[in-house]
Chemist: 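Below you will find the structure I want to go over with you.
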Amino acid sequence: MTLAETHEEAVVQVSHISKRFPGVLALDDVTFAIEHGEVLALVGENGAGKSTLVKILSGIYRPDSGVVSLNGVETHLASAHDAQMRGITTIFQETTLIPDFDAMENIFLGRELRMKLGRTRGPFLAEREMRDAVRILYRDFVSDEADLDRPVREIGALRQKVVEVLRGLAFESSVVIMDEPTAPLSDRERNALFVSIRALKARGVAVLLVTHRLEELLEIADRAVVLRDGRYIASVDPREAGIPRLVHLMVGRDVDSVVPSAAMTEQTYPEEAVLAVNNLQRRGVLRDITFNLKGGEILGVAGMAGSGNSELARALVGMDRIDSGEILRDGRPVRIRSPKDAIRHGIALVPEERKTQGIFGGLSVAKNISAAALRYVTRGRCVIDERRERAIAEDYVSRLHIRPPDVTREMRHLSGGNQQKALIARYLLAGSQILVVSEPTQGIDVGAKSDVYGLIFDHVNSGGAAIVVSSELNDLTRVSDRILVIPDGGVAGEVRGGRGRQLSHGDYGVLEEAVLRLAVAAA
Ligand SMILES: Nc1ncnc2c1ncn2[C@@H]1O[C@H](COP(=O)(O)OP(=O)(O)OP(=O)(O)O)[C@@H](O)[C@H]1O
Ligand SMILES: [Mg+2]
């Protein structure tokens with residue numbers, strides 16, 4: 001152990017922590033420290049052990065061996081409540097706020113201020129005092145004060161995260177842990193979250209940040225700790241190390257591209273569009289959207305305002321109503337009023353809200369993958385052919401490198417990113433000709449991105465077509481044939497993408513700039 005790894009003064013010292021699940025050593029003798037007021041990123045591939053470590057620090061799991069010390073004192077974190085009372089606040093990917101309560105009620109839940117009665121506080125709630133406290137905090141953290149009196153389910157992902165941060169402050173936390181907080185956020189919201197992370201830091205609060213978006217590290221992290229296969233690998237200054245080095249540390253080898261090499265062949269397309277969209281409108285959301293999509297093509301969709309660059313995707317498959325406009329399939333007008341209609345016309349959405357919607361936690365990975373494609377695995381009328389189901393699932397598990405590679409494992413025991421991969425496999429297997437994929441690489445590590453895009457390429461190379469909606473411009477310029485720029489609900493323009501062309505790093509930069517210029521000009 002080196003000096004840098006053990007620190008008496010650290011807010012949190014993790015020493016020789018190990019944690020085993022049946023068949024998996026999730027953490028293997030991990031030692032590192034979180035210093036006062038630093039922003040420490042925790043990075044590693046899907047299944048590396050990040051969330052397990054987070055759960056140990058937040059009192060949810062007990063380590064099999066090793067100790068956690070807070071401010072130099074060995075501490076036994078007995079429960080989530082215990083960790084919170086000792087100054088560790090954790091913001092999980094799924095919010096733990098009570099949806100029907102407003103910001104103040106959530107922040108002061110269980111520790112409400114009472115009205116002052118002389119020098120003590122009586123039985124009545126000091127509602128005004130609490131609301132004022134929240135308002136001041138909130139203004140400090142995001143420079144607006146809207147929505148404080150609305151139930152938190154109505155205020156959007158970013159404000160929910162901020163409310164959770166404020167709850168941490170109200171508990172006088174010394175560490176705030178965030179497990180992939182930016183995954184559901186748009187670029188603008190992410191910047192707002194970073195403002196609140198900096199505000200935490202300025203108050204001397206340490207932040208442990210788990211993320212797969214490595215560019216974020218350059219922007220916000222003072223230091224990054226890398227885990228691989230449950231082991232501590234290194235602690236580096238991300239700006240000094242640079243992204244390629246970080247990736248190397250995470251993956252254990254060099255990864256040069258998120259794009260599978262199959263992309264590098266020149267593409268040709270049929271004349272007729274498999275999908276044409278004319279003047280699509282949805283009041284207040286989509287304006288006069290017109291585009292087409294050919295067989296074999298990948299159309300990227302970049303950047304809608306706010307968190308909603310998925311609205312177009314939802315409208316296309318009938319999840320959101322459209323007010324006017326026309327959708328043509330193979331040249332014929334079709335009516336799509338529900339996802340069922342869409343499926344009937346060969347259009348399927350891989351939705352963005354995969355995490356909360358599609359997981360059958362108690363069922364096996366095989367059952368989760370085949371759920372949308374029972375026709376492939378039923379024998380006769382309604383008997384499931386278990387052997388076939390298993391074989392298909394095993395194929396996807398190996399192509400997407402789902403870890404551990406065991407299709408009988410219960411889905412809830414997989415890491416977040418591996419669950420995502422299994423769900424993507426499910427939608428691909430369903431076999432619609434046109435796939436609309438929303439944020440395909442959310443929560444997926446840098447090495448596995450090319451596996452996911454590889455499946456989308458396979459799909460279009462065998463006659464399908466795809467629309468990929470993504471906030472990761474970097475990837476979008478590489479995997480798309482064309483990129484539609486929709487910054488504020490209307491099409492600002494189109495940029496030719498890099499798929500099938502031999503482009504240099506600099507060329508991609510030029511493409512990205514072209515997209516950004518269109519987006520900004522329209523705003
Ligand atoms: N409750 C559990 N039961 C069994 N195995 C588990 C459980 N939780 C996690 N694991 C296993 O422990 C390993 C580490 O998982 P963990 O969720 O910590 O990974 P992670 O680094 O957060 O990955 P991701 O980036 O995909 O979220 C994985 O192999 C996972 O399958
Ligand atoms: Mg995780």
Side-chain angles (χ1 to χ4, degrees), residues 14 17-30 32 40-64 66 80 90-96 177-184 208-214 216-217 224-234 246-247 249-252 255 354-356 358-366 368-369 393 397 400-425 439-449 451-452:
V14 169
I17 294 274
S18 294
K19 175 77 185 172
R20 181 179 291 282
F21 294 112
V24 184
L25 186 55
L27 292 172
D28 182 3
D29 196 23
V30 172
F32 72 91
L40 177 61
L42 185 62
V43 297
E45 289 183 287
N46 295 134
K50 304 177 296 295
S51 295
T52 303
L53 190 61
V54 164
K55 285 176 187 157
I56 285 174
L57 290 177
S58 50
I60 294 171
Y61 291 157
R62 211 139 309 156
D64 297 338
T90 305
I91 300 173
F92 295 98
Q93 200 158 17
E94 296 79 21
T95 178
T96 55
I177 303 176
M178 306 187 186
D179 197 351
E180 297 190 45
T182 57
L208 183 70
L209 177 73
V210 178
T211 182
H212 285 292
R213 298 187 164 187
L214 300 180
E216 294 180 356
L217 268 50
V225 160
V226 182
L227 295 182
R228 191 199 311 150
D229 295 331
R231 279 189 296 271
Y232 169 93
I233 298 296
L246 273 167
V247 172
L249 289 168
M250 285 167 55
V251 183
V255 173
R354 292 184 289 265
K355 198 138 201 165
T356 44
I359 292 172
F360 306 123
L363 296 184
S364 68
V365 172
N368 269 275
I369 289 179
V397 163
L400 288 173
H401 298 103
I402 293 175
R403 293 278 175 272
D406 172 7
V407 298
T408 64
R409 205 175 181 80
E410 275 180 41
M411 192 73 162
R412 66 193 158 92
H413 292 159
L414 259 56
S415 78
N418 282 298
Q419 290 180 352
Q420 290 292 310
K421 292 195 235 172
L423 290 180
I424 286 173
E439 300 294 346
T441 58
Q442 186 172 298
I444 285 176
D445 72 51
V446 57
K449 276 183 177 182
D451 298 332
V452 169

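We count ligands from 1, going down the list as the structure has it; atoms in each ligand are counted the same way. The analysis underlying the following values was restricted to heavy atoms, covering all of them including side chains, and did not include hydrogens, waters or symmetry mates. These figures come from a predicted structure and were not determined experimentally. Residue indices begin at 1 and follow the sequence shown.
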Chemist: With respect to G47, determine whether any N or O atom, backbone or side chain, lies less than 3.5 Å from an N or O atom of ligand 1.
Modeler: yes
Chemist: Where do L42 and K50 come nearest, in terms of heavy atoms and distance?
Modeler: O-CD, 3.7 Å
Chemist: So, taking the atom named CZ in R403 and the one named CG in D229, what distance separates them when rounded to the nearest 0.5 Å?
Modeler: 9.0 Å
Chemist: Would you give the length of the straight line joining atom CG of N368 to atom CZ of R409, rounded to the nearest 0.5 angstrom?
Modeler: 13.5 Å
Chemist: Relative to atom 31 (O) of ligand 1, which among R20, R228, H413, K55 owns the nearest non-hydrogen atom?
Modeler: H413
Chemist: I'd like the name of whichever of L42, V24, D406, T52 reaches closest to atom 15 (O) of ligand 1 through any heavy atom.
Modeler: T52
Chemist: Hey, which atoms in ligand 1 end up nearer than 4.0 Å to a heavy atom of E180?
Modeler: 27 (O)
Chemist: Among I424, V407, V397, whose side chain to side chain contact (heavy atoms under 4.5 Å, CB included) with I369 holds?
Modeler: V397
Chemist: Taking atom CD1 of I402 and atom CD of Q420, what is their separation to the nearest 0.5 Å?
Modeler: 11.0 Å
Chemist: Go through the side-chain N and O atoms of N46 and S415 and say whether any donor and acceptor fall under 3.5 Å apart.
Modeler: no
Chemist: Go through ligand 1 atom by atom and flag the ones less than 4.0 Å from a non-hydrogen atom of P404.
Modeler: 31 (O)
Chemist: I want to confirm something. Looking only at heavy atoms, which of A448, G416, G23, A183 is nearest to atom 27 (O) of ligand 1?
Modeler: G416
Chemist: Decide, counting backbone as well as side-chain atoms, whether S415 has an N, O or S atom less than 2.8 Å from the Mg ion (ligand 2).
Modeler: no
Chemist: What do you reckon, does R403 have a nitrogen or oxygen under 3.5 Å from a nitrogen or oxygen of ligand 1?
Modeler: no
Chemist: Check ligand 1 against E45 and write out every atom of the ligand that is under 4.0 Å from a heavy-atom position of the residue.
Modeler: 21 (O)
Chemist: Would you check whether G49 has a nitrogen or oxygen atom less than 3.5 angstrom from a nitrogen or oxygen atom of ligand 1?
Modeler: yes
Chemist: What's the shortest heavy-atom distance between G230 and V30, and which atoms?
Modeler: O-CG2, 3.3 Å
Chemist: Test your reading of the structure: does A48 have an N or O sitting under 3.5 Å from an N or O of ligand 1?
Modeler: yes
Chemist: With heavy-atom distances below 4.0 Å as the criterion, list the atoms of ligand 1 near R409.
Modeler: 4 (C), 5 (N)
Chemist: Once you restrict to heavy atoms under 4.0 Å, what part of R412 touches ligand 1? Side chain, backbone, both or neither.
Modeler: neither
Chemist: Tell me whether the rings of F21 and Y61 are parallel (<30°), tilted (30 to 60°) or perpendicular (>60°).
Modeler: perpendicular
Chemist: For H212, counting its heavy atoms only, list the atoms of ligand 1 lying under 4.0 Å from any of them.
Modeler: 25 (O)
Chemist: Any N/O of K50 closer than 3.5 Å to an N/O of ligand 1?
Modeler: yes
